[in-house]
Amino acid sequence: MTIFGSDLFRMIVGLIGVIALVSVNALFLIWMERKVAAHMQLRPGPMEVGWHGSIQTVADALKLLGKELITPAEVDRPVYLLAPIVIFLPVLVSFLVIPFAPNLIIRDMNVGVLLILAFAALTVLAILMAGWASNNKYSAFGAIRSVAQNVAYEIPLLITVMSVILMVGSFRLTDIVAAQERYWFILIQPLAFILYITCATAETNRAPFDLPEAESELVAGFHTEYSGMRFALFFLAEYTNMFIVSALATIFFLGGWRGPFLPGWAWFFIKVYAMIFLIMWFRWTFPRVRFDQLITFAWKILIPLAFANLLLTAFLMKIF
């Protein structure tokens, strides 16, 4: 077998494709966020650079590439430099197991769900590293908030996902999509869908749950001391994580690539970007909550509802 037919070669090609997809997707999402935000506030948004400002984010990326990388004197240098890398690597790994279409997946693993959820936990570690190593009280507060928030919201998120896995009996993402041949799971698990979207919004630090980087109180939170491409990696990871949680919502509840007339990959991206639009809509609809309200909402409302939904699912599976 030549190297061109080997698993290693396919993984390398897949990784290069993932990096390109992540970069293009993040640039598009940043432009989309600016346009959605502007139109919801009755403004046109970026208009000058390209058609309707379509390459404004490319210009911003080039500007960040040219900016000086400033490292404050009092930071914990090794941890400070490692944090942007740690927050970006899980994003790349997660793309390896996402099925965009029946035959458009880099690696169809039987533990795909566990792989994504395990690597997603590294995001909060990177935020903690960035905030703690910056030696800045605003950054430290943002890091502490992020840890508390992610610990609280990961529990109902995992319990909600288990309700779907219990119905399918598999951790393989393609099996979950295959199980929705007759109907999408959102029809029989509407509460799980609402819980998942709420927890995913909090996990990605999106408004109204953007307490780790609350500009009005923490300047920018955990990435206050970062500049240039180091800051851009945090930004890139946030928008790519939005894509990943929306892709999982599509796979778990919206039938994945299934749909009439159009190719499977087209349906998959239509559903994913519809979910991303919903998350952006939340930002301009709900005010930012207080931190105590954020934690109380997770422990006293979301976790009991997620457990109740899981027990009800198990009970109905046992009966029917």
Side-chain angles (χ1 to χ4, degrees), residues 21-61 63-64 91 123 142 145-146 149 153 157 186 190-191 193-224 231-232 234-250 252-254 266-291 293-294 297-298 301-302:
L21 177 63
V22 166
S23 303
V24 173
N25 174 69
L27 291 174
F28 172 75
L29 287 183
I30 294 169
W31 174 81
M32 178 181 170
E33 171 104 82
R34 296 177 74 171
K35 298 300 282 189
V36 168
H39 284 288
M40 285 188 174
Q41 297 174 340
L42 301 180
R43 297 184 290 115
M47 294 290 289
E48 299 300 325
V49 187
W51 180 80
H52 277 259
S54 55
I55 57 174
Q56 178 66 58
T57 49
V58 177
D60 292 339
K63 181 187 73 173
L64 283 172
V91 167
T123 300
R145 285 181 175 188
S146 181
Q149 178 173 322
Y153 280 85
L157 180 72
I186 190 175
L191 177 59
F193 175 74
I194 294 171
L195 291 173
Y196 176 86
I197 290 300
T198 305
C199 295
T201 305
E203 284 286 295
T204 51
N205 297 328
R206 295 284 304 180
F209 305 121
D210 59 334
L211 276 299
E213 50 186 292
E215 295 88 352
S216 56
E217 10 161 334
L218 299 184
V219 186
F222 59 90
H223 55 68
T224 300
F231 164 76
F234 286 104
F235 219 59
L236 199 62
E238 177 180 330
Y239 279 93
T240 309
N241 281 327
M242 281 175 58
F243 183 92
I244 291 171
V245 298
S246 299
L248 289 180
T250 299
F252 286 135
F253 301 103
L254 302 179
W267 274 114
F268 185 86
F269 280 103
I270 288 171
K271 294 173 184 177
V272 168
Y273 284 111
M275 295 304 306
I276 292 172
F277 173 77
L278 181 63
I279 293 174
M280 291 179 177
W281 193 351
F282 290 162
R283 177 174 182 175
W284 305 105
T285 303
F286 302 110
R288 180 184 293 142
V289 298
R290 292 199 319 264
F291 193 73
Q293 294 172 331
L294 175 84
F297 185 60
I301 297 177
L302 295 185

Assess whether side-chain contact (heavy atoms from CB on, under 4.5 Å) is satisfied between Thr123 and Asn205, documenting all intermediate values. CA-CA 11 Å; Thr123 300; Asn205 297 328; 5.8 Å; no
Worked check of side-chain contact (heavy atoms from CB on, under 4.5 Å) between Phe291 and Arg145: CA-CA 8 Å; Phe291 193 73; Arg145 285 181 175 188; 3.7 Å; yes
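Using a 4.5 Å heavy-atom threshold, the side chains of Leu211 and Val289 count as touching. A heavy-atom distance below 4.5 Å is found between the side chains of Leu29 and Tyr273. Put simply, the side chain of Ile197 reaches to within 4.5 Å of the side chain of Met275, judged on heavy atoms. Side-chain contact between Phe243 and Val22: absent, with no pair of heavy atoms (C-beta onward) separated by less than 4.5 Å. A heavy-atom distance below 4.5 Å is not found between the side chains of Phe209 and Phe286. Looking only at side-chain heavy atoms (C-beta outward), Thr201 and Tyr153 stay at 4.5 Å or farther from each other. With a 4.5 Å cut-off on side-chain heavy atoms, Met32 and Phe277 count as touching. Glu203 has its side chain within reach of Leu157: a pair of non-hydrogen atoms, C-beta onward, lies under 4.5 Å apart.
Rounding to the nearest 0.5 Å gives a distance of 11.5 Å between CG of Leu254 and CG of Leu248. Atom-to-atom distance recorded for Arg34:CZ and Met280:CE is 12.0 Å, nearest 0.5 angstrom. Separating the CZ atom in Phe234 from the CD atom in Glu238 is a distance of 11.5 Å, to the nearest 0.5 Å. Rounding to the nearest 0.5 Å gives a distance of 8.5 Å between OG1 of Thr240 and CG of Leu21. Of the inter-residue distances, the one linking Cys199 atom SG with Ile194 atom CD1 reads 11.5 Å to the nearest 0.5 angstrom. The distance from atom CZ of Phe235 to atom CG of Leu64, rounded to the nearest 0.5 Å, is 9.0 Å.
Looking at every heavy atom in both residues, Pro287 comes nearest to Pro208 through O-CB, 3.2 Å. Gln293 and Arg290 make their closest contact through OE1-N, 2.9 Å (heavy atoms, listed as atom of the first residue, atom of the second, distance). Nearest heavy atom pair, residue Lys35 against residue Pro46, reads NZ-O, 3.0 Å. Contact record, Ala38 with Pro44: CB-C, 3.9 Å, taken as the closest heavy-atom pair. Closest approach of Ala207 to Phe282, counting heavy atoms only: O-CB, 4.1 Å.
In the displayed structure, Glu48 atom CD is contacted under 6.0 Å by at most 12 heavy atoms of other residues, nucleotides or ligands. Around atom CH2 of Trp281, no more than 12 heavy atoms belonging to other residues, nucleotides or ligands sit under 6.0 Å away.
Ring-plane geometry between Tyr196 and Phe253 is classed as tilted, the angle between the planes lying from 30 to 60 degrees on a 0 to 90 degree scale.
The backbone N or O of Gly53 lies less than 3.5 Å from a partner atom in the side chain of Trp31, making a donor-acceptor pair. Thr250 contributes a side-chain N or O that, together with a main-chain N or O of Ser246, makes up a donor-acceptor pair within less than 3.5 Å.
Considering Glu33, Met40, His39 as possible partners of Val36, the one that fulfils the side chain to side chain contact (heavy atoms under 4.5 Å, CB included) test is Met40.
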